[in-house]
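Here's the structure, in structure tokens; my notes come after.
A note on names: the letters A, B, ... follow the listed sequences, proteins ahead of strands, and every chain is numbered from 1. This one's a predicted model, so the numbers in the text were calculated from it and none came from an experiment.
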Protein chains: 2
Amino acid sequence: MAAPRANMSYRDIKQVVLDRIHNKIWAPDSLLPSETDLAEEFSSTRTTVNRALRELAEEGYLERKRKAGTRVLNAPVRKAQFSIPLVRDEITETGSEYRYALVERAVMPAPAWLSARMNIPQGRDVLHLRCMHYADNAPFQYEVRWIVPDSIPEVLTADFSRSGPNDWLVQKVPFTNLELSFLATKADQAVAEFLDTQAGDPIFTAERITWLRGQPVTLAKLFFAPGYRMTTHL
Amino acid sequence: MAAPRANMSYRDIKQVVLDRIHNKIWAPDSLLPSETDLAEEFSSTRTTVNRALRELAEEGYLERKRKAGTRVLNAPVRKAQFSIPLVRDEITETGSEYRYALVERAVMPAPAWLSARMNIPQGRDVLHLRCMHYADNAPFQYEVRWIVPDSIPEVLTADFSRSGPNDWLVQKVPFTNLELSFLATKADQAVAEFLDTQAGDPIFTAERITWLRGQPVTLAKLFFAPGYRMTTHL
DNA sequence: AATGCTTATATATATAGACATAACCGGCCG
DNA sequence: CGGCCGGTTATGTCTATATATATAAGCATT
């Protein structure tokens with residue numbers, strides 16, 4: 001096990017280091033040898049060792065500090081990565097047919113909770129949209145969205161009857177900042193009807209707020225049809 | 001804007017490239033200049049440019065193929081990263097006091113759905129645990145767990161009355177493979193009682209299966225107390 | 001005891017040059 | 001015309017080396 005031969009790639013080195021962590025050769029909280037020493041052991045260079053250790057640190061196995069050295073993390077805080085594709089892609093990638101429908105469009109003064117949540121002045125006009133996304137004509141996602149027109153006045157004249165605000169926004173507004181939450185909500189009457197389920201049913205829900213250079217742009221609540229699960233492997 | 005001066009760090013280069021993507025100087029689907037050309041423009045080296053572009057690709061902005069070049073992705077598939085800490089840490093980090101309690105421990109033949117789900121032989125004995133995690137004595141998470149003892153016989157003699165299976169497992173078993181799902185479930189009577197809520201309430205739920213070298217090790221269902229949301233910023 | 005300076009050291013990043021590898025592309029051959 | 005086959009080229013990776021920077025730790029000063 002862990003046979004350091006010559007000409008090891010940074011991948012090989014990553015694997016050897018991981019093995020040693022797993023086999024407790026380098027125990028949690030212990031300090032690894034310096035990059036220079038490891039480079040010598042693996043008859044490689046410090047650059048290559050650096051890349052290996054840097055990536056392992058990014059993956060949550062190691063903690064690195066200048067001068068202090070590289071330390072094995074005791075509780076490997078593994079990081080789950082979820083890609084957040086557009087609904088359209090999420091549906092078409094499974095081979096299903098995607099269909100979009102606009103349910104409601106309105107310009108209205110921001111409700112108090114929205115003002116507070118997104119930090120916009122009380123009573124400022126916002127664009128409110130409700131839409132549905134279908135996969136093979138079965139309800140897939142019910143979207144409730146608010147858009148603050150201040151930073152993007154064109155949004156008020158955009159046509160959302162044929163394609164969703166998401167499509168439009170990613171084209172127009174390169175957001176700089178994003179908050180994403182997942183939670184479980186109880187279906188109210190509207191949600192239940194659109195998702196073809198019973199009021200009170202548990203609904204997997206995503207909430208997404210984006211900013212552009214500090215200015216709030218949009219808040220979206222995405223209600224997924226019952227049975228939806230967000231899955232990742234690592 | 002985007003003033004390429006000399007001695008730019010890989011961070012600077014990343015920023016300039018990002019700016020150019022946002023300002024559509026490099027439009028979606030278009031090809032970037034080659035690393036060599038960019039290195040010249042930024043009066044830097046190919047190595048540095050390479051790191052900048054590589055990281056931007058990892059972050060989901062670019063797609064890179066040998067010979068084919070580096071392309072701007074039209075729908076930036078941004079990747080949300082959630083760290084999955086131990087419950088204990090998740091609670092203590094907010095300053096709350098963590099308390100653990102074992103609810104039930106039993107060795108039983110694997111139920112059919114579990115056999116199927118984890119690909120273990122029908123009727124094989126598995127360890128079944130139910131436990132509670134409290135934050136400041138308020139219910140935080142209800143954990144239902146199955147452990148396959150085949151690859152780790154010691155688990156049958158481990159003491160789970162004082163600390164949770166999670167703590168034990170991360171110490172003993174370096175899993176190699178993990179499937180993690182989030183979904184919304186409806187609280188049944190047991191879940192409702194332990195989480196101090198009403199049966200039928202929506203519960204944010206995580207399901208986690210881990211393997212060790214292809215062998216299934218454990219499946220955990222984690223039911224979070226009402227109001228829980230999993231949040232990330234990027 | 002607290003603060004500030006110095007130094008040693010480990011990581012962070014940059015440079016330059018080389019070879020490896022995948023893939024586009026144009027031309028040759030059947 | 002179609003398919004195979006190299007040549008070309010952009011990225012992938014490694015080597016070797018150098019400089020920058022953060023910081024732990026020791027020592028001196030307030």
Whole angstrom value for the distance that separates [atom2] of [N] from [atom1] of [X]:
X	N	atom1	atom2	result
Asp12(A)	dG12(D)	CG	P	18 Å
Glu55(A)	dG12(D)	CD	P	12 Å
Leu31(B)	dT11(D)	CG	C1'	12 Å

Could you list the residues that satisfy side chain to side chain donor-acceptor pair (under 3.5 Å) with Arg46(B), not counting sequence neighbours?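 If we apply the side chain to side chain donor-acceptor pair (under 3.5 Å) test to Arg46(B), skipping adjacent residues, the hits are Glu35(B).
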
Do any side-chain atoms of residues 208-228 of chain B form donor-acceptor pairs under 3.5 angstrom with protein atoms, and if so which ones, sequence neighbours left out?
residue: Thr218(B); atom: OG1; partner: Arg145(B); partner atom: NH1; Å: 3.0
residue: Thr218(B); atom: OG1; partner: Trp146(B); partner atom: O; Å: 2.8
residue: Tyr228(B); atom: OH; partner: Glu90(B); partner atom: OE2; Å: 2.6

Tabulate below the donor-acceptor pairs under 3.5 Å that side-chain atoms of residues 153-160 of chain B make, not counting sequence neighbours, or state none.
residue: Thr157(B); atom: OG1; partner: Glu154(B); partner atom: O; Å: 2.9
residue: Asp159(B); atom: OD1; partner: Ser161(B); partner atom: N; Å: 3.0
residue: Asp159(B); atom: OD1; partner: Ser161(B); partner atom: OG; Å: 2.7
residue: Asp159(B); atom: OD2; partner: Ser161(B); partner atom: OG; Å: 3.3

All N/O pairs under 3.5 Å across the protein-nucleotides 4-13 of chain C interface:
residue: dA10(C); atom: O4'; partner: Lys67(A); partner atom: O; Å: 3.4
residue: dA10(C); atom: N3; partner: Lys67(A); partner atom: N; Å: 3.4
residue: dT11(C); atom: OP1; partner: Thr70(A); partner atom: OG1; Å: 3.0
residue: dT11(C); atom: OP2; partner: Glu35(A); partner atom: N; Å: 2.9
residue: dA12(C); atom: OP2; partner: Arg64(A); partner atom: NH1; Å: 2.5
residue: dA12(C); atom: O4'; partner: Arg66(A); partner atom: NE; Å: 3.3
residue: dA12(C); atom: O4'; partner: Arg66(A); partner atom: NH2; Å: 2.8
residue: dA12(C); atom: N7; partner: Arg46(A); partner atom: NH2; Å: 3.3
residue: dA12(C); atom: N6; partner: Arg46(A); partner atom: NH2; Å: 2.5
residue: dT13(C); atom: OP1; partner: Tyr10(B); partner atom: OH; Å: 3.3
residue: dT13(C); atom: OP1; partner: Arg11(B); partner atom: NH2; Å: 2.5
residue: dT13(C); atom: OP2; partner: Arg51(B); partner atom: NH1; Å: 3.4
residue: dT13(C); atom: OP2; partner: Arg51(B); partner atom: NH2; Å: 3.2
residue: dT13(C); atom: O4; partner: Arg46(A); partner atom: NH2; Å: 3.3

Can you list the residues that meet the ring-ring contact (aromatic ring centres under 6.0 Å, His included) rule with Tyr98(B), with sequence neighbours excluded?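 Tyr98(B) satisfies ring-ring contact (aromatic ring centres under 6.0 Å, His included) with His133(B) once adjacent residues are dropped.
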
Summary of salt bridge (Lys or Arg N to Asp or Glu O under 4.0 Å) pairs that have at least one residue in residues 160-176 of chain A, sequence neighbours excluded: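 Non-adjacent pairs meeting salt bridge (Lys or Arg N to Asp or Glu O under 4.0 Å): Arg88(A)-Asp167(A).
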
